[in-house]
Amino acid sequence: MSEDKDRGGFFDTGWRPSGDVHRDEDGRPHDHPGVREDVGLGVRASRALAMHELLVEKGVIGEGEVDEVIEAVSKRVPSNGATLVAKAWSDPEFRTKLLEHPKETVIESGFVPEHNADIIVLENTPEVQHMVVCTLCSCYPTQLLGPPPDWYKSFSYRSRAVTEPRAVMSEFGLELDEKTEVRVVDSNSELRFLVIPRRPDGTDGWSEEQLATLVNRNSMIGVSAATEPGTD
Amino acid sequence: MPAVHDRGGWPTDDSIDREEHEWADWERQTQSFRTVLDSKGFMNVDELRRGIESIDPAEYETSTYFERWSASIETMLVEKGVLTIKEIDDRAKALRDRWGYPS
């Protein structure tokens with residue numbers, strides 16, 4: 001996000017079409033739209049901004065409406081999913097509920113899905129490793145994990161997750177036991193997946209809050225393991 | 001060949017670039033703009049996908065993620081008669097002039 005945190009809505013003169021802030025030789029931000037020199041403001045970017053401005057002028061959407069959504073979107077972060085995983089690790093009753101009635105349990109926990117999409121929760125074990133992809137685009141449980149990372153949306157991940165998931169996991173630093181079965185699941189707009197990674201050894205007696213710090217985002221997509229204690 | 005968006009299993013040796021780019025404001029704005037349009041019944045997530053999947057394959061291959069969203073939003077708003085291409089052309093040019101970008 002840009003450094004000009006005091007920027008107001010889209011129509012303020014301080015608004016920039018890019019998150020990058022240009023600085024002059026003295027390091028002061030200067031006020032022409034801060035678009036990266038190497039990219040500039042693309043045609044599609046300016047057309048998106050044009051459509052927004054036109055619809056606000058026509059009164060089809062309110063001036064602050066998009067900013068309100070941006071604010072709400074910023075509350076979707078991977079620690080949401082991590083709290084659920086840590087609770088599932090700690091509380092067998094909750095674990096069963098999360099696996100058997102995932103959508104209801106996620107909503108009861110305060111995380112409302114986008115587009116009312118369904119969700120399935122999958123548990124990784126020494127026997128089975130689940131890994132999530134969206135081959136067609138980028139579907140993802142954003143209410144639990146925040147926006148999908150760039151690599152999740154990349155052509156190479158979308159292609160290779162299907163054909164060589166072990167090689168992909170290896171690139172992410174996870175060397176699976178060859179006896180572990182790999183199941184790749186393909187998301188769509190109606191159905192998202194959350195993975196419960198294996199609980200690391202050496203965490204007996206840890207509180208949910210402590211455990212949640214080990215539940216990294218990639219482990220909930222299934223491309224990585226949970227963080228080992230003491231390694232951050 | 002499958003359609004351009006249907007990437008599962010496409011042959012590639014490309015490694016996965018794990019670096020995250022910092023979102024530009026226009027990308028955040030476009031993502032949330034789509035949500036607002038959805039809430040008002042102008043385009044749901046399936047229409048977003050249809051719009052993305054109907055992008056010319058050459059553009060699909062070379063555009064960024066939210067550039068594809070922009071193209072899809074435009075397709076839907078024009079198709080539904082909410083905006084015309086000329087209105088969008090003119091305003092986009094005006095914005096580029098305002099910010100000092102070549103049109």
Side-chain angles (χ1 to χ4, degrees), chain A residues 1-2 7 10 15-20 32-33 35-36 40-55 58 60-62 65-70 72-73 114-115 117 133 135-138 147 149-151 153-163 168 171-172 186 189, chain B residues 5-12 14-33 35-40 42 44-46 49 52-53 61 63-71 73-74 77 82-83 87-96 99-102:
Chain A
M1 197 59 192
S2 68
R7 80 169 170 86
F10 175 46
W15 190 87
R16 290 178 173 79
S18 153
D20 297 276
H32 81 90
V35 169
R36 284 166 50 181
L41 185 68
V43 170
R44 289 295 179 195
S46 39
R47 295 182 80 78
L49 298 173
M51 289 186 281
H52 176 258
E53 197 172 87
L54 285 165
L55 291 186
K58 288 170 188 273
V60 174
I61 67 177
E65 273 190 273
V66 167
D67 281 343
E68 283 170 26
V69 175
I70 291 173
V73 166
E114 275 186 299
H115 335 298
V133 65
T135 59
L136 296 178
C137 189
S138 57
D150 288 338
W151 60 258
K153 304 185 279 192
S154 70
F155 293 158
S156 53
Y157 182 75
R158 286 161 57 191
S159 300
R160 294 179 52 212
V162 176
T163 45
V168 169
E171 273 184 54
F172 281 84
D186 198 353
S189 55
Chain B
H5 64 274
D6 189 3
R7 306 303 286 207
W10 276 40
T12 173
D14 290 348
S15 62
I16 294 159
D17 182 358
R18 292 164 62 193
E19 193 172 329
E20 288 298 303
H21 87 291
E22 188 183 2
W23 286 32
D25 283 356
W26 82 265
E27 294 175 303
R28 289 179 197 285
Q29 204 255 356
T30 298
Q31 180 192 44
S32 293
F33 179 40
T35 304
V36 171
L37 292 174
D38 195 337
S39 71
K40 293 178 187 298
F42 289 111
N44 63 29
V45 70
D46 297 312
R49 274 203 27 198
I52 290 173
E53 292 171 5
E61 291 279 357
S63 54
T64 66
Y65 183 71
F66 283 110
E67 285 172 346
R68 297 197 284 270
W69 280 45
S70 172
I73 292 169
E74 181 170 334
L77 294 180
V82 180
L83 292 173
E87 278 179 299
I88 302 167
D89 284 347
D90 291 348
R91 181 56 59 96
K93 182 178 184 313
L95 289 179
R96 296 182 75 79
W99 289 324
Y101 295 107

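The analysis underlying the following values was restricted to heavy atoms, covering all of them including side chains, and did not include hydrogens, waters or symmetry mates. In what follows, every chain begins at residue 1, and chains take the letters A, B, ... in the order their sequences are listed.
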Practice problem: Please look at A:Val133 and chain B and tell me whether the side chain, the backbone, both or neither of the residue comes under 4.5 angstrom of a heavy atom of that chain. | Solution: neither
Self-check item: Rounded distance [0.5 Å steps], CZ in B:Arg18 versus CG in A:Asp150
Solution: 13.0 Å
Practice problem: To the nearest 0.5 angstrom, please state how far the CG atom of A:Leu55 sits from the NZ atom of B:Lys40. | Solution: 10.0 Å
Quiz prompt | Inter-residue atom distance B:Arg7.CZ - A:Phe155.CZ, 0.5 Å rounding | solution = 4.5 Å
Quiz prompt | B:Tyr65 OH to A:Cys137 SG distance, which is reported to the nearest 0.5 Å | solution = 4.5 Å
Quiz item: For B:Ser15, is it the side chain, the backbone, both or neither that has a heavy atom under 4.5 Å from a heavy atom of chain A?
Solution: both
Exercise. Determine the option with the most heavy-atom pairs under 4.5 angstrom with chain A, choosing from B:Leu37, B:Leu77, B:Ile52, B:Asp89.
Key: B:Asp89
Quiz item: Any idea which heavy atoms bring B:Ala92 and A:Ala50 closest together, and the distance?
Solution: N-CB, 3.5 Å
Quiz item: Donor-acceptor pair, B:Arg49 side chain versus A:Leu136 backbone, under 3.5 Å?
Solution: no
Exercise. Tell me, for A:Val69 versus chain B, whether the close heavy atoms (under 4.5 Å) come from the side chain, the backbone, both or neither.
Key: both
Practice problem: Any chance you could measure A:Glu68, atom CD, to B:Thr35, atom OG1, to the nearest 0.5 Å? | Solution: 12.5 Å
Self-check item: chain B interface, residue from A:Gly62, A:Ala72, A:Pro149 that has the most non-hydrogen pairs under 4.5 Å
Solution: A:Pro149
Practice problem: Identify the heavy atoms of B:Gln29 and A:Val66 that sit nearest to each other, and give their distance. | Solution: O-CG1, 3.7 Å
Quiz item: Sub-3.5 Å donor-acceptor pair from the side chain of A:Arg158 to the main-chain atoms of B:His5, do we have one?
Solution: yes
Quiz item: Are B:Leu83 and A:Lys58 close enough that some pair of their side-chain heavy atoms sits under 4.5 Å apart?
Solution: yes
Quiz item: So, for B:Phe66 and A:Lys153, which heavy atoms are closest and what is the spacing to 0.1 Å?
Solution: CE1-NZ, 4.3 Å
Quiz prompt | A:Val162 vs B:Trp10, side chain to side chain contact (heavy atoms under 4.5 Å, CB included): CA-CA, chis, key distance, verdict | solution = CA-CA 9 Å; A:Val162 176; B:Trp10 276 40; over 6 Å; no
Quiz item: Side chain, backbone, both or neither: which part of B:Asp38 has an atom under 4.5 Å from a heavy atom of chain A?
Solution: side chain
Practice problem: Please look at B:Ile16 and chain A and tell me whether the side chain, the backbone, both or neither of the residue comes under 4.5 angstrom of a heavy atom of that chain. | Solution: both
Exercise. For each of B:Lys93, B:Glu20, B:Glu87, B:Glu19, tally heavy-atom pairs with chain A at distances under 4.5 Å, and name the one with the top tally.
Key: B:Glu20
Practice problem: Would you mind telling me which of A:Ala117, A:Ala48, A:Ser154 has the largest number of heavy-atom pairs within less than 4.5 Å of chain B? | Solution: A:Ala48
Quiz item: Say you draw a straight line from CZ of A:Arg44 to CD1 of B:Ile73; how long is it, rounded to the nearest 0.5 Å?
Solution: 11.0 Å
Quiz item: Of the non-hydrogen atoms in B:Ser32 and A:Val73, which two are nearest, and what is the gap between them?
Solution: OG-CG2, 4.0 Å
Exercise. Could you tell me which portion of A:Ala45 (side chain, backbone, both or neither) has an atom closer than 4.5 angstrom to a non-hydrogen atom of chain B?
Key: both
Quiz item: So what's closer than 4.5 Å to chain A heavy atoms on B:Asp17: side chain, backbone, both or neither?
Solution: backbone
Practice problem: For A:Ser189 and B:Asp46, test the side chains for any donor-to-acceptor distance below 3.5 angstrom and give the result as yes or no. | Solution: yes
Practice problem: Identify which of B:Thr30, B:Val45, B:Asp6, B:Asp14 forms the greatest number of heavy-atom pairs closer than 4.5 Å to chain A. | Solution: B:Val45
Quiz item: Considering only heavy atoms from C-beta outward, does the side chain of B:Trp23 approach that of A:Pro147 to under 4.5 Å?
Solution: yes
Practice problem: Taking B:Arg91 for its side chain and A:Arg47 for its backbone only, find out whether a donor-acceptor pair lies under 3.5 Å. | Solution: no
